[in-house]
Amino acid sequence: RALDETAHLLGLAAPPRVIESYDISNWGDGTSVAGMVVFEDGKPKKAGYRRFKMHTVPGTDDYASMAETLARRAAEYEKGTNSQFKIKPDLLLIDGGRGQVAAVCAALAGTRLAGVPVFGMVKDDRHRTRALVDPAGGEIGIQQIPAVFALVGRIQEETHRFAIEFQRLQQSKQVRGSVLDRIPGVGE
């Protein structure tokens, strides 16, 4: 029912069977990572989760990081080598608002994922998703539709948890390391 109501609310032709959601995490130290979670038929599909380290984005630019992540996702779909990336999602949910959605749409333009609907998840002051933002910047309220609000909230929370977990893992690796580890001939 939640998927049917989501399709109706967003103007999709059919309920979104495969939903991918993305979040960027950084600690303001110049490193950013992204988490991708997959919900299939309204349930988390943990085998489809993926993590991304930023390769081309200097600093902590949320828009550029989201664009890099989705450009890499689209490239993997076109290659078709990774099992999860062979699947074309029915809906992309992006943590953030109009800026993030615009960055993702620009990154996907000209790829085989360009036609996948993209919406941003806008949070309230208690960090709960209160609305979805379409590519034109229009907000679609979801709080008045309990099934959609619950589904999108679960997706947003899981995506955020997964991205933060990866960021913490990366931070703990840096803390345990030493600058001496990076010297050729000295290393570990």
Quiz item: In terms of hydrophobic clustering (I, L, V, M, F, W, Y; side-chain heavy atoms under 4.5 Å; direct or indirect links), are V122 and M66 co-clustered?
Solution: no
Quiz item: Would a hydrophobic clustering, with Ile, Leu, Val, Met, Phe, Trp and Tyr connected at side-chain separations under 4.5 Å, put M36 with M54?
Solution: yes
Practice problem: Show your reasoning for whether side chain to side chain contact (heavy atoms under 4.5 Å, CB included) applies to D90 and I19. | Solution: CA-CA 6 Å; D90 300 312; I19 300 171; 5.9 Å; no
Quiz item: For K123, which residues count as a salt bridge (Lys or Arg N to Asp or Glu O under 4.0 Å) partner, sequence neighbours excluded?
Solution: D95
Self-check item: For L91 against P16, the heavy-atom pair lying closest together
Solution: CB-CB, 3.9 Å
Distance-only check: which donor-acceptor pairs under 3.5 Å involve side-chain atoms of residues 103-116, not counting sequence neighbours?
| residue | atom | partner | partner atom | Å |
| --- | --- | --- | --- | --- |
| T111 | OG1 | L108 | O | 2.6 |
| T111 | OG1 | L113 | N | 3.2 |

Practice problem: Apply side chain to side chain donor-acceptor pair (under 3.5 Å) to K79 and list each qualifying residue two or more places apart in sequence or on a separate chain. | Solution: E76
Quiz item: About how many Å separate CD of E20 and OG1 of T159, when rounded to the nearest 0.5 Å?
Solution: 10.5 Å
Enumerate, atom names and distances included, each donor-acceptor pair closer than 3.5 Å involving a side-chain atom of residues 3-12, sequence neighbours excluded.
| residue | atom | partner | partner atom | Å |
| --- | --- | --- | --- | --- |
| E5 | OE2 | R1 | NE | 3.0 |
| T6 | OG1 | A2 | O | 2.7 |

Quiz item: What side chain to side chain donor-acceptor pair (under 3.5 Å) pairs are there with at least one residue in residues 136-157, not counting sequence neighbours?
Solution: R130-E139
Quiz prompt | From CZ (F149) to CG (L132), nearest 0.5 Å | solution = 11.0 Å
Self-check item: For R72, salt bridge (Lys or Arg N to Asp or Glu O under 4.0 Å) partners two or more places apart
Solution: E68
Self-check item: Partner set under side chain to side chain donor-acceptor pair (under 3.5 Å) for S65, not counting sequence neighbours
Solution: none
Exercise. Taking salt bridge (Lys or Arg N to Asp or Glu O under 4.0 Å) as the test, write out the residues that go with K45, two or more places apart.
Key: E40
Exercise. Mind checking side chain to side chain donor-acceptor pair (under 3.5 Å) for R17 and listing every partner two or more places apart, or none if nothing turns up?
Key: D41
Exercise. Considering only Ile, Leu, Val, Met, Phe, Trp and Tyr, and joining two whenever side-chain heavy atoms are under 4.5 Å apart, list the other residues clustered with Y63.
Key: none
Exercise. For D62, enumerate each residue passing the side chain to side chain donor-acceptor pair (under 3.5 Å) test, keeping only those at least two apart in sequence or located in another chain.
Key: Q100
Quiz item: So how far is it from S21 OG to H160 NE2, rounded to the nearest 0.5 Å?
Solution: 11.5 Å
Quiz item: Would a hydrophobic clustering, with Ile, Leu, Val, Met, Phe, Trp and Tyr connected at side-chain separations under 4.5 Å, put V133 with V118?
Solution: no
Quiz item: Say you draw a straight line from OH of Y77 to NZ of K88; how long is it, rounded to the nearest 0.5 Å?
Solution: 5.0 Å
Exercise. Examine I94 and V18 and state if one hydrophobic cluster contains both, with Ile, Leu, Val, Met, Phe, Trp and Tyr joined whenever side-chain heavy atoms are less than 4.5 Å apart.
Key: yes
Practice problem: Could you please spell out the steps behind the side chain to side chain contact (heavy atoms under 4.5 Å, CB included) verdict for F52 and V33? | Solution: CA-CA 6 Å; F52 300 83; V33 297; over 6 Å; no
Quiz item: Are the side chain of R73 and the backbone of F85 linked by a donor-acceptor contact shorter than 3.5 Å?
Solution: yes
Quiz item: Partners of Y49 by ring pair (Phe, Tyr, Trp, His ring centres under 6.0 Å), sequence neighbours excluded?
Solution: F162
Exercise. Please test R128 against M121 for side chain to side chain contact (heavy atoms under 4.5 Å, CB included), starting from the C-alpha separation and ending with a verdict.
Key: CA-CA 9 Å; R128 293 182 317 176; M121 297 180 288; over 6 Å; no
Quiz prompt | Atom pair CZ (F119) and CD1 (I140), whose distance is rounded to the nearest 0.5 Å | solution = 5.0 Å
Quiz prompt | Distance-minimising heavy-atom pair for A34 and I24 | solution = CB-CD1, 3.6 Å
